[in-house]
Colleague: 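So that we are looking at the same thing, I have put the structure below in structure tokens.
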Amino acid sequence: MRKIKRMKEYNPKEIEAKRRRIWDQKKAWRVDLKKATKPYYNLMMFPYPSAEGLHIGNMYAFTGSDIYGRFQRLRGNDVFEPMGFDSFGIHSENFAIKQGTHPKEQTAKSIKHFTEQLKSMGALFDWEHSVTTSEPEYYKWTQWLFLQLYKAGLAYRAKAPVDWCPSCKTVLADEQVIQRKCERCGTEVIQRGMEQWFFRITKYADRLLKNLDTIDWSERTKTVQRNWIGKTEGATIIFALENSKQTIEVFTTRPDTLYGATFVVLAPEHPFVSSLPHSKEIHEYVEKTKQKTELERKAEGKEKTAVFSGLYAINPLNNEKLPIWIADYALMGYGTGALFGDAHDERDVEFAKKYNIPLKTTVVTGDKEKDKKILNLEECFTGYGTLVDSGPFTGLSSKEAIIKVIEWLVAKKRGSKRTTYHLRDWLISRQRYWGPPIPIIYCDKCGTVPVSEKNLPVKLPNVKDFRPTGTDKSPLATVASFVNTKCPNCKGKARRETDVSDTFLDSAWYFLRYPSANDKKQAFDKSLTKKWLPVNMYIGGQEHAVLHLLYARFITMVLRDLKFTEFQEPFAKFRAHGLLIRDGKKISKSRGNVINPDEYIEKYGADTVRTYLMFLGPLSEGGDWNGKGIIGIYRFLNRVWALAQKTKIAEQDSKLETLRHRTIKKVTEDMENLRYNTAIAALMEYSNALSQADSISKEQIKTLLILLAPFMPFVTEELWQQLGNKESVHDQKWPTYNPALVQEEMMRLVLQVNGKVRDVVGAPTGITEEEAKKLALSNIQIQKWLAGKDPKRIIFVPKRLINIVI
RNA sequence: GCCCUCGUGGUGAAAUGGCAAACACGGUAGGUUUAGGACCUACUGCCGAAAGGUUUGGAGGUUCAAGUCCUCCCGAGGGCACCA
């Protein structure tokens with residue numbers, strides 16, 4: 001009876017259903033968060049449950065992360081691997097609009113479908129600690145978080161030029177505008193002056209930058225964040241106005257060129273411009289520029305436009321009179337919104353030429369030919385060089401001059417060192433429906449009043465027409481019962497804020513909620529948080545480098561400053577996974593090349609799909625799914641299955657033992673570095689060797705199953721049980737290797753002549769240089785190539801080769 | 001324009017400066033099978049009958065030895081961008 005059962009064929013569908021049932025019953029993924037002694041928080045980026053179902057790209061990312069979690073568990077850690085849903089926000093809302101259903105219904109439906117799919121992939125997800133950002137139990141605490149920032153003076157409302165997406169009908173954060181287009185829908189954004197809520201992330205710019213050196217993240221991701229924060233060192237220079245007490249502050253990274261300044265440019269939005277005596281020409285220019293859309297500006301091909309203000313500034317260095325122009329190539333959002341123009345900046349030169357403003361060379365290279373052109377203004381030199389025609393600074397190098405000019409400015413109180421950042425404050429209000437209402441009340445008497453914490457959550461009302469209005473207001477503004485409220489202060493009539501917060505606020509703290517997911521009294525439990533955070537390993541998409549990952553770091557720093565937590569950085573280790581493509585092309589609905597994971601799981605089982613996805617290439621590089629190769633993995637599983645049915649399990653063979661130890665070493669190292677593709681290859685070699693062997697030991701097959709368990713959780717468990725083991729394969733100890741056994745006794749010694757391989761011979765691994773030389777020089781092939789000549793030099797590389805140079 | 005990553009067989013890809021193409025897919029031949037599929041064995045970068053030569057986007061360089069390090073160029077992908 002037993003024998004018949006053992007001989008049965010590999011049937012993934014049956015096995016996976018059975019194993020899932022048993023694991024669910026036993027709650028095999030459960031970890032006691034309070035009692036765990038070796039906490040290991042393995043996090044992956046929770047999905048937006050907005051699409052028709054789990055995308056193969058989601059599965060790729062989750063599998064990569066789950067394998068790492070399973071590996072850590074086998075190494076004896078108490079692994080906490082939660083999963084949840086980022087269900088609030090524009091993604092889910094847009095999908096609901098498209099489907100013609102209410103977001104609330106649609107989200108519930110999507111989550112149900114997603115959960116089913118997620119359960120089929122065989123991950124360690126702890127379903128008792130899941131979060132759904134659109135549930136009041138969750139967003140209550142998102143609102144609480146907003147209030148903490150408000151109280152700390154880090155949330156403020158201000159009127160500012162903001163980016164508005166005409167298609168999504170809401171304002172967007174700076175980070176959500178890519179190439180002046182909406183990150184979600186690709187529509188060109190319009191700049192509008194609107195009063196909006198911001199988080200003061202710029203206050204943390206320096207810390208966000210400096211801390212990057214302390215965390216173990218993919219270097220690529222760090223670079224993107226560094227660039228986004230965009231620290232620039234420079235100086236501000238105070239220009240006095242001619243015949244006036246007023247001054248203008250200008251930002252520059254090149255104070256060494258100040259001596260050669262010939263004009264000053266102000267951004268049209270610069271406050272000084274509006275204070276100018278109103279000439280019609282200036283007024284018209286400013287109005288025209290403001291109305292220009294980005295599209296029109298682009299169509300003009302960056303052609304600079306300007307108007308002369310009629311005023312002059314005085315260069316503090318040499319008292320020269322500089323005309324002040326108003327031009328849209330000066331940007332209010334950068335530096336001080338004002339700049340000085342000189343001959344060592346291409347944009348300045350282009351501008352000066354168009355408006356016939358004189359220029360003056362003050363920096364040269366030292367190359368005579370080149371300098372001739374530079375001095376004649378035939379060529380624009382923007383690099384560092386030596387100063388000429390610069391009064392007391394003449395002869396200095398640019399670098400010296402920068403220091404000296406700043407010293408001079410500071411001494412004369414005409415300027416100072418200054419650092420600016422590309423990073424802007426985080427615009428978090430949205431004129432949409434599907435998000436957490438911002439917990440603020442406006443009272444005519446008391447002004448802006450925060451909702452009291454005990455009255456949270458401010459529940460999102462059920463609105464029939466939830467579509468964006470296109471006005472400056474969220475659909476919530478149309479719900480009188482929501483808007484009209486009492487002032488928490490004076491109990492008088494008051495109005496609620498009707499905007500909701502950005503989805504990225506929901507996801508900026510979800511990892512803090514997971515361990516405390518069922519805590520009704522607080523956002524996160526102090527002792528649980530201390531025990532489990534920061535996250536040990538976070539694997540996710542590189543596309544979130546400047547959005548989610550930056551916001552999460554910011555929120556974590558704020559919470560630490562407010563003494564809620566004790567750590568500055570949320571994710572100790574972060575690794576970005578690559579993109580899964582198909583036949584060399586991006587996978588997208590519009591291309592019609594989407595892959596439905598369900599189909600493949602149905603056909604081959606989740607074990608095969610997981611392993612195939614990881615076999616495509618290194619996780620960090622992504623992979624190219626062409627679907628054909630999946631059969632190779634399926635065959636591999638079948639071979640492993642057949643191998644475990646092998647009855648000839650007997651004594652150990654030393655050759656296989658060497659391979660076993662080598663495989664353990666290779667796989668362990670590859671797992672650590674997320675090089676799953678080569679780990680799988682090594683396991684295939686090991687498995688193939690076992691298949692071909694006459695007899696294999698129990699230890700050898702056990703090693704195979706444990707090493708394979710993170711990749712193929714179902715079939716390894718099934719085979720483990722078939723071998724008569726009572727415990728789960730996933731509760732075993734990761735095998736260790738003996739370094740002494742990794743090395744084979746005999747090796748292949750490569751014999752080279754002048755760097756070319758002429759023969760390969762067997763030799764003892766520990767062969768000495770002398771012995772190797774003898775061996776090589778007596779070799780017939782080598783003698784043939786030496787042709788009687790004496791070697792000039794012999795290079796011996798132990799355990800590898802000997803190279804004879806003639 | 002600036003910054004980052006990457007270019008290796010028919011395909012996905014391997015390779016601490018030390019035998020290029022591991023592991024797979026596909027292909028060819030053979031075996032097995034009532035047939036199909038599945039499975040098993042051998043071969044499979046290119047030129048060559050063989051000996052041998054040759055090959056990692058291109059051109060140089062360093063080195064006994066370069067896919068790997070350096071310089072320039074070409075191409076692909078990503079990020080930033082009138083950022084002073």
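Every chain is numbered from 1 and lettered A, B, ... according to where its sequence line falls, protein lines coming before strand lines.
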Colleague: Is there any salt bridge (Lys or Arg N to Asp or Glu O under 4.0 Å) pair reaching into residues 607-621 of chain A, and which pairs are they, with sequence neighbours excluded?
Modeller: D66(A)-R610(A)
Colleague: Report each atom pair, protein N/O against N/O of nucleotides 41-46 of chain B, whose distance is under 3.5 angstrom.
Modeller:
none

Colleague: Would you mind reading off the distance between R226(A) atom CZ and A81(B) atom C1', rounded to a whole angstrom?
Modeller: 20 Å
Colleague: Looking at the side chain of V750(A), which of A81(B), C19(B), A15(B) is the nearest nucleotide?
Modeller: C19(B)
Colleague: Give every pair of a protein N or O atom and an N or O atom of nucleotides 23-26 of chain B that lie under 3.5 Å apart, one pair per line with the distance.
Modeller:
unit_1	atom_1	unit_2	atom_2	d
A24(B)	OP1	N688(A)	ND2	2.6
C25(B)	OP1	R635(A)	NH1	2.4
G26(B)	OP2	R635(A)	NH1	3.4

Colleague: Please encode protein proximity along nucleotides 60-69 of chain B as a string of B, S and -, counting only heavy-atom distances under 4.0 Å.
Modeller: ----B-----
Colleague: Under the salt bridge (charged side-chain N to carboxylate O under 4.0 Å, His left out) rule, collect the residues that match up with E320(A), sequence neighbours excluded.
Modeller: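 Once residues adjacent in sequence are excluded, the partners of E320(A) under the salt bridge (charged side-chain N to carboxylate O under 4.0 Å, His left out) criterion are K360(A).
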Colleague: Which nucleotide sits closest to the side chain of D624(A): G12(B), A14(B), A81(B)?
Modeller: G12(B)
Colleague: For R418(A) and T236(A), test the side chains for any donor-to-acceptor distance below 3.5 angstrom and give the result as yes or no.
Modeller: no
Colleague: For the backbone of D348(A) and the side chain of D342(A), can you confirm whether one donor and one acceptor N or O come within less than 3.5 Å of each other?
Modeller: no
Colleague: Under 4.0 angstrom, heavy atoms only, what part of the nucleic acid is K586(A) near: base, sugar-phosphate, or nothing?
Modeller: sugar-phosphate
Colleague: Of the candidate nucleotides A81(B), G78(B), G12(B), which contains the atom at the shortest distance from the side chain of L616(A)?
Modeller: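 Among the listed nucleotides, the one closest to the side chain of L616(A) is G12(B).
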Colleague: Anti or syn, where syn is a glycosidic angle within 90° of 0; which label fits G57(B)?
Modeller: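 Anti, angle beyond 90° from zero.
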Colleague: With ring centroids as reference points, do W325(A) and F308(A) lie under 6.0 angstrom apart?
Modeller: yes
Colleague: Under 4.0 Å between any heavy atoms, over every strand shown, what does G337(A) touch: base, sugar-phosphate, or nothing? Just pick one.
Modeller: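 Touches a base.
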Colleague: If you assign each of R254(A) and K666(A) to its closest nucleotide in RNA chain B, which residue comes earlier from the 5' end?
Modeller: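 Residue closer to the 5' terminus by nearest nucleotide: K666(A).
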Colleague: What pairs with E602(A) under salt bridge (charged side-chain N to carboxylate O under 4.0 Å, His left out), at least two apart in sequence or on another chain?
Modeller: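 If we apply the salt bridge (charged side-chain N to carboxylate O under 4.0 Å, His left out) test to E602(A), skipping adjacent residues, the hits are K13(A).
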Colleague: Among all residues two or more places apart in sequence or in another chain, which pass the side chain to side chain donor-acceptor pair (under 3.5 Å) test with K354(A)?
Modeller: E303(A)
Colleague: Check side-chain contact (heavy atoms from CB on, under 4.5 Å) between T678(A) and all other residues, then give those that pass, not counting sequence neighbours.
Modeller: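 T678(A) satisfies side-chain contact (heavy atoms from CB on, under 4.5 Å) with K666(A), D670(A), R675(A) once adjacent residues are dropped.
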Colleague: For a quick test of reading the model, state the closest non-hydrogen atom pair linking I595(A) to I56(A) and the distance between them.
Modeller: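 So the minimum-distance heavy-atom pair works out to O-CB, 3.7 Å.
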Colleague: For the rings on W625(A) and Y612(A), is their centre-to-centre separation under 6.0 Å?
Modeller: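 So the answer is yes for these two rings.
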Colleague: Between the protein and nucleotides 50-54 of chain B, list the N/O to N/O atom pairs that are separated by less than 3.5 angstrom.
Modeller:
unit_1	atom_1	unit_2	atom_2	d
G53(B)	OP1	R758(A)	NH1	2.9
G53(B)	OP1	R758(A)	NH2	3.2
G53(B)	OP2	R758(A)	NH1	3.3
U54(B)	OP2	K756(A)	NZ	2.9

Colleague: So does R748(A) reach the base of C19(B) with its side chain, donor to acceptor, closer than 3.5 Å?
Modeller: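 Side chain to base: pair found, below 3.5 Å.
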Colleague: Please name all residues satisfying side-chain contact (heavy atoms from CB on, under 4.5 Å) with A235(A), sequence neighbours left out, ordered by chain then number.
Modeller: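 For A235(A), the residues satisfying side-chain contact (heavy atoms from CB on, under 4.5 Å) (neighbours in sequence not counted) are P255(A), I406(A).
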Colleague: Does R553(A) count as lying over the ring of W217(A), i.e. NZ or CZ under 6.0 Å from the six-ring centre, within 45 degrees of the axis?
Modeller: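 Yes - R553(A) lies over the ring of W217(A), closer than 6.0 Å to its centre and within 45° of its axis.
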Colleague: Which is true for R675(A) with a 4.0 Å heavy-atom rule: it touches a base, it touches only sugar-phosphate, or it touches nothing?
Modeller: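 R675(A): backbone/sugar contact only, no base atoms under 4.0 Å.
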Colleague: For A327(A), give me all partners under side-chain contact (heavy atoms from CB on, under 4.5 Å), at least two apart in sequence or on another chain.
Modeller: V265(A), A306(A), Y329(A), F351(A)
Colleague: Pick the P atom in G7(B) and in A29(B), then give their distance to the nearest Å.
Modeller: 35 Å
Colleague: Taking only residues two or more places apart in sequence or in another chain, which ones pass side-chain contact (heavy atoms from CB on, under 4.5 Å) with A261(A)?
Modeller: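 In terms of side-chain contact (heavy atoms from CB on, under 4.5 Å), with neighbours along the sequence ignored, A261(A) is linked to L258(A), N315(A), L322(A), F340(A).
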Colleague: Name the residue closer to the 5' end of RNA chain B, choosing between L339(A) and R220(A) according to the nucleotide with the nearest heavy atom.
Modeller: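 Result: R220(A).
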